[in-house]
Structures are given as C-alpha cells and as structure tokens.
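First up is the structure itself, then whatever we jot down about it.
Residue numbers start at 1 and run along the sequence shown. Computed from a prediction, not measured in an experiment: that's the story for all the values here.
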Amino acid sequence: MNLQRLYRLARKAVMAWMDDFAPSMGAAIAYYTVFSIAPLLVIVIAVAGALFGREAVQGEIVGQLQGLIGQDAAVAVQAVLGLVEPQSSGLGGGAFLMLWDGQRVLALDGRETAPAGARDDQFLRPDGSPLPFEEAVQSGLSVGVPGLLRLLEQAHARYGKLPWARLFQPAIALAEEGFAVGPRLHRLSEDAGLRRQPRAAAYLLDPQGRPWPVGQRLRNPAYAWLLRRLAEQGAAVFYQGAAARDMVTQVAGHAQRPGALSEQDLADYRVREREPLCQDWQALRLCGFPPPSSGALAIAQILGLLEQLPAQAPELQDGLPTPDFLHRYTEAARLAYADRALYLADPDFVPAPAGDWRSLLAPHYLRQRAALVGPRSMGQAQAGQPVALQAQQAWAAQAEQPEHGTSHISIVDAQGMALAMTTTVEAQFGSRLLSDGGSGLPGGFFLNNQLTDFALRPRDEQGRPVANRLQPGKRPRSAMSPTLVFARDDGRLLMSLGAPGGAAIIHYVAKTLIATHRWGLTPQQAVELPNFGSFNGPTVLEAGRFPAATLEALRQRGHRLLEVDLTSGLQVLQRLPGEQGGWAGAADPRREGEVSGR
C-alpha cells in the first residue's frame, strides 16, 4: 500500500469516527502529535485546528462549537500519541492535567509514584557515588508506577460526553492498519539502549538492526489488543491482571538492575487532585500546576522578578530579545532555579516554606531576590529564604541532572471547557523497557524512567536530605507546565499552552507569555522567537539564532554562554480579540508540524 493511500485510509478512519460520534461537536485543539502519515502529514507535532469540529481558516478556529468534548478529545489524542510518538509519552507514563470546566480550575495529578520497595540510595554505587545517569535511566530501577490511564479515566468520568470505548477507536485502527514512521521517530530509534532490549529492538528496528525507514508502515498488534481491553473494561485491566504482571516481569527481569515495581503498587495507584497555583501577572491570571510540578512556581517567580527589574533598554529589537532583556531574564531564572533545587518536591512528603508555596512569590520576597541582580551576571545563585527557616528542615540543594521530553495537549471546546495536559515517559523511550500488556504479541508501550527525576544522590556530604529524594509512594519533581490563562478583570479564558522539553519547559512557557502579553506578538510569532534561559549555570541560547553582537554584549556582562539546540515544540491556543470569540493556534517549527484543521 503506498503512502498516499495509507494517509487517506487513516484520515478516513478518523473522520468517519468523528462523523459517527461527534456530528455537532467542535473543539480547538493544539497537541504534540496526532498521527504520523507521510508524506502529506509527516508527524503532526502541533496541530491547532478543529480536529473534532468543522471550521478552521489559516489556524483560526471559528464557528459556533457545541458540546463538552474537551476531555473526550484528550483521551483520544493521548491514545494515538502513545502509538505514534512512543519516545515521549504513553500508557506507561504519567501526566499533569489542568482543566477549566467553565466554573473553576482543577489540577489532576497523574504523576508516577515510587514503588513501595524503592530505596533512596538505589541509584548509588558501593562507593557512594551516583550511577552514570544513562545507566540509571536504562534499568528497572527507574520505573515508577504509571498514572496516565487512571488520570484519563477519572477525568472522563467527571467530564466526558462520548462513551469511553468510542475514544480508543482511532488509535486501534492505526495500530492495526499501521502508521507511517516519521522522521523524528526514525531518528530517535537510533538510540543504543533500544538495541539492548529485545522487545524494543524487534518492534522499532528492522531485521538488520536498523531503524525502520521514514514512511515504513508500522503496526502494533500488542497496543491494539490492550486498547480494545481498555475500551471494553476500563483502566482496571491495565492496573491488574495480565498487563500488570507483564509490566512487573519486565521491570524485575532487567538483567543488570532490576526494579521493585509490584502488582500491588499498580493496584494501589491513585490520582491526586491538587489546588491549582493561580497568580496575577499584569492584566492576566495565570493558573498552573502546583508541586510536585515546579513549573508554575518557577514561571511566576521569573515573571514576578522581571516586574522588579525595570528595563534599561528596549526588550525586543529587530524581532529578537535584546542583550539587556536576556541579562535580566536569565538572572531571574538563576534565582528561580536555585529555589527550585532546594524547596520543590512532592507536597505529600515535603512541606512548603512557611507552610505555603506562595511564600516564594510574596512581593517582599521577590523584591529581596531582585535586589541581587546587578549589571553583571551572578553566574550561579543561592536559594533564598522566604521566611526564617531555623525551625524547619534544613534541606540540601539537588544537584543538576538531566530532565527530558514530553508531549503536550491543549484543548478548548464549544461551551468554554478547556484543558492543558502535559504527559511523559521522561527520557526518550523512557526506561527502554517495552511491555506487551500481557498479550504475547509484537509491539506494546514503553515504561517510564520517572524515578530518575528524583535526586540520584539523596543527601549531601553533611548528611542533609534533598527534598526531592526518592521515597516509597512519592511523586518526583517535574518541570511540566500545563498553563491556563484568564483575564483578571472578567475571568474569561484567554489561553491554553504548554510544551515538551524537560527542565527547559519553564523557559518555553515563560517566553511565550512574555512575547504574547508583554510584547504583543501573535502566538506563532511568540513560538518562533529564539529560545533562551538558564538552569542556574551558563546562559543557554538556541544555537544559531542570536547575532554575534548579542553574544558579545552578554559576555561583556560576565555571562558564560552555551549555545545548544532547544527544540521546544510549544503548543498554544489564544482567544482572538473581538466579539466572535475565535481562537488562534501556533505550531512550533522546531518540530515537524503544521497548523491545520477541518
């Protein structure tokens, strides 16, 4: 079957599903991959359109949309994501969901948890030094209890409209008929860790051990088998029985470093409902995910610190951030990331400073922190003290270690319901362990490596514990930043946004908020701006995007520069001005994608 015919078949399957089950519904959707059908749709990384609707003109979503289908769409899209983009998210991972039901904002925590048998020193070698990071990642030790399906099921039970079973049909059809391997999946399948795992290698590599070529039709019988059972019986079939046994077998069977995941851990998993972290900024009210995510707090700190640091020169010139702005932004980022490293962790295990995470956003505290910013870069910041902490636990700062990519879904529907969900298996292909769901068939889904988001070294040399250390039942700190934006004056929903990108997610979302609401750029212009930031070390700039004069001006201010690829993959939906209430969407050109709709 040629690729053109395969594209038409897949599109026909999805559109037929829509016509049968959502004839009058509509939604604006921006998400990180729908399905990979080359050459006409080569990994749709960010689609902003009316996938479940009727009208889209040059990225603007228009029309009188009907039906509360936001959560239905999220389930259907995530099911397809797990098939065509297994390197970033899937059934073996977790997610944070921000949801606006028209009355209030909810934050549902489907983050992975540490197994009951996990130990805080399990990533240490006999001499007390941490394992090399990739050795820790590519092991059974790194696998946490997946939370994604419990999260989707709970959200659908509260807000879904279509029957649960119907939502899996597009993904089942693609898994059975096959989808075309896109450039990104092909490139990332070069991963050496896949070759060391027989199941993963058999699925993603050809008989000669090479990644399937771009355009190769790839079927996943195990995934289709499991989705059919999920559609018929609900998430319970994932958390017990054959699927649970196979996940435990894969984790315990790792040849070098088996993990502690048990069937009881899976059966005991529960979603947490958190209090959203909402903070006023300029004319907006920003609502993001609270700890164990560090995203909303760090973004609010950076934006709040910038308000305390008046500009000495234009912030945007010739379409690019200026050296003065980059200096102030990255200094603010250093201060925010220093606090993140010391304080941020699962609130079920670690208390907030002064008993309130907003103490890190208090105006007097931000003024105190902003006073540390001078004309030259501080290089590396120390964490602050929002209150006297002598009577509280003395924490050790977590050492910097890699954090990896995700997928993001943003949806706005006809009756005003909206969501932003960031979902992940952590590293590319997670732990590299592939479960077939107990089917015995080829393919399946990857298990996360989320436990390496905990501090590999749980204590410092003085014996002080790291707040984000591994403990049984604990959820690791994250940078995922699903964000909903409202108008301060009348409470209207204005934006849904988020991004993949590990620890850099914070910078990607902050950049987009600044560019759209401070500089007046469109979502697409904001997304296309060069990326920048600091993780409390060098000033990190997107390679090849800043002129030599900007680099030199930053060096003159004492910045140590690091130019790297920053492939953000931002997803943005923004309400258009005026009475029509339309929406504009943005697709990040750094990943294979486009803005489209129906």
Side-chain angles (χ1 to χ4, degrees), residues 1-22 31 33-44 51-52 72-92 148-149 152 162-182 185-186 189 199-207 211-235 237-238 241-243 246 407 429 434-446:
M1 182 183 296
N2 64 39
L3 295 177
Q4 296 274 352
R5 175 167 169 71
L6 181 57
Y7 168 78
R8 289 193 296 271
L9 175 65
R11 181 175 175 83
K12 182 178 179 181
V14 175
M15 296 307 167
W17 175 77
M18 288 160 38
D19 289 337
D20 284 344
F21 305 120
Y31 53 93
T33 300
V34 186
F35 47 82
S36 171
I37 303 295
L40 297 184
L41 202 60
V42 183
I43 302 189
V44 181
L51 178 64
F52 289 82
D72 292 336
V75 176
V77 169
Q78 179 62 77
V80 177
L81 278 171
L83 172 68
V84 304
E85 196 192 50
Q87 70 271 18
S88 293
S89 70
L91 307 185
L148 176 68
L149 278 168
L152 293 177
L162 299 181
W164 170 262
R166 302 270 175 88
L167 307 179
F168 293 94
Q169 292 185 9
I172 291 170
L174 284 172
E176 291 180 338
E177 293 290 339
F179 66 96
V181 172
L185 179 57
H186 166 78
S189 296
R199 278 188 179 178
Y203 175 53
L204 289 175
L205 306 178
D206 69 16
W212 293 112
V214 173
Q216 172 72 33
R217 185 166 52 151
L218 186 60
R219 295 184 178 90
N220 193 330
Y223 194 75
W225 181 87
L226 180 57
L227 288 191
R228 287 193 181 281
R229 299 188 72 217
L230 286 168
E232 294 166 0
Q233 303 175 49
V237 301
F238 182 85
D246 187 71
S407 302
F429 305 108
L434 189 73
S435 171
D436 66 10
S439 68
L441 298 171
F445 59 93
F446 284 95

Quick one: does N220's side chain get under 4.5 Å of L174's, heavy atoms only? no
Measure across P211 and H186 and return the closest heavy-atom pair with its distance rounded to 0.1 Å. CB-O, 3.6 Å
Side-chain contact, heavy-atom cut-off 4.5 Å: L441 with Y223? no
For the CZ atom of F446 and the CD atom of Q87, what is their distance to the nearest 0.5 Å? 9.0 Å
Check the pair L91, L230 against side-chain contact (heavy atoms from CB on, under 4.5 Å), reporting the backbone distance first and the verdict last. CA-CA 11 Å; L91 307 185; L230 286 168; 4.1 Å; yes
Please answer whether the main-chain N or O of E176 pairs with a side-chain N or O of R219 as donor and acceptor at a distance below 3.5 Å. yes
L162 versus V75: any side-chain heavy-atom pair under 4.5 Å? no
Between atom CG of L226 and atom CG of L149, what is the distance when rounded to the nearest 0.5 Å? 7.5 Å
What heavy-atom pair brings L434 and R199 nearest, and what distance separates the two atoms? O-NH1, 3.1 Å
Check step by step if side-chain contact (heavy atoms from CB on, under 4.5 Å) holds for V181 and L204. CA-CA 10 Å; V181 172; L204 289 175; over 6 Å; no
Centroid-to-centroid, F429 to Y203, below 6.0 Å? no
Please name the pair of heavy atoms, one in A231 and one in A165, separated by the smallest distance, quoted to 0.1 Å. O-CB, 3.3 Å
Tightest non-hydrogen contact, residues G92 and F445, listed as N-CD1, 3.6 Å
In this structure, CG of L218 is separated from CG of L83 (nearest 0.5 Å) by 7.5 Å
Is there a side-chain contact between L185 and W212 (heavy atoms, below 4.5 Å)? no
Between CD on residue E232 and CH2 on residue W164, distance to nearest 0.5 Å: 13.0 Å
Rounded to the nearest 0.5 Å, what separation is found between the CD atom of Q78 and the CG atom of L148? 4.5 Å
So, R217 side chain and E177 main chain: donor-acceptor pair closer than 3.5 Å or not? yes
Which atom of D246 lies closest to which atom of S435, heavy atoms considered: OD2-OG, 2.7 Å
Where A222 and G444 come nearest, the two heavy atoms and their spacing: CB-N, 3.7 Å
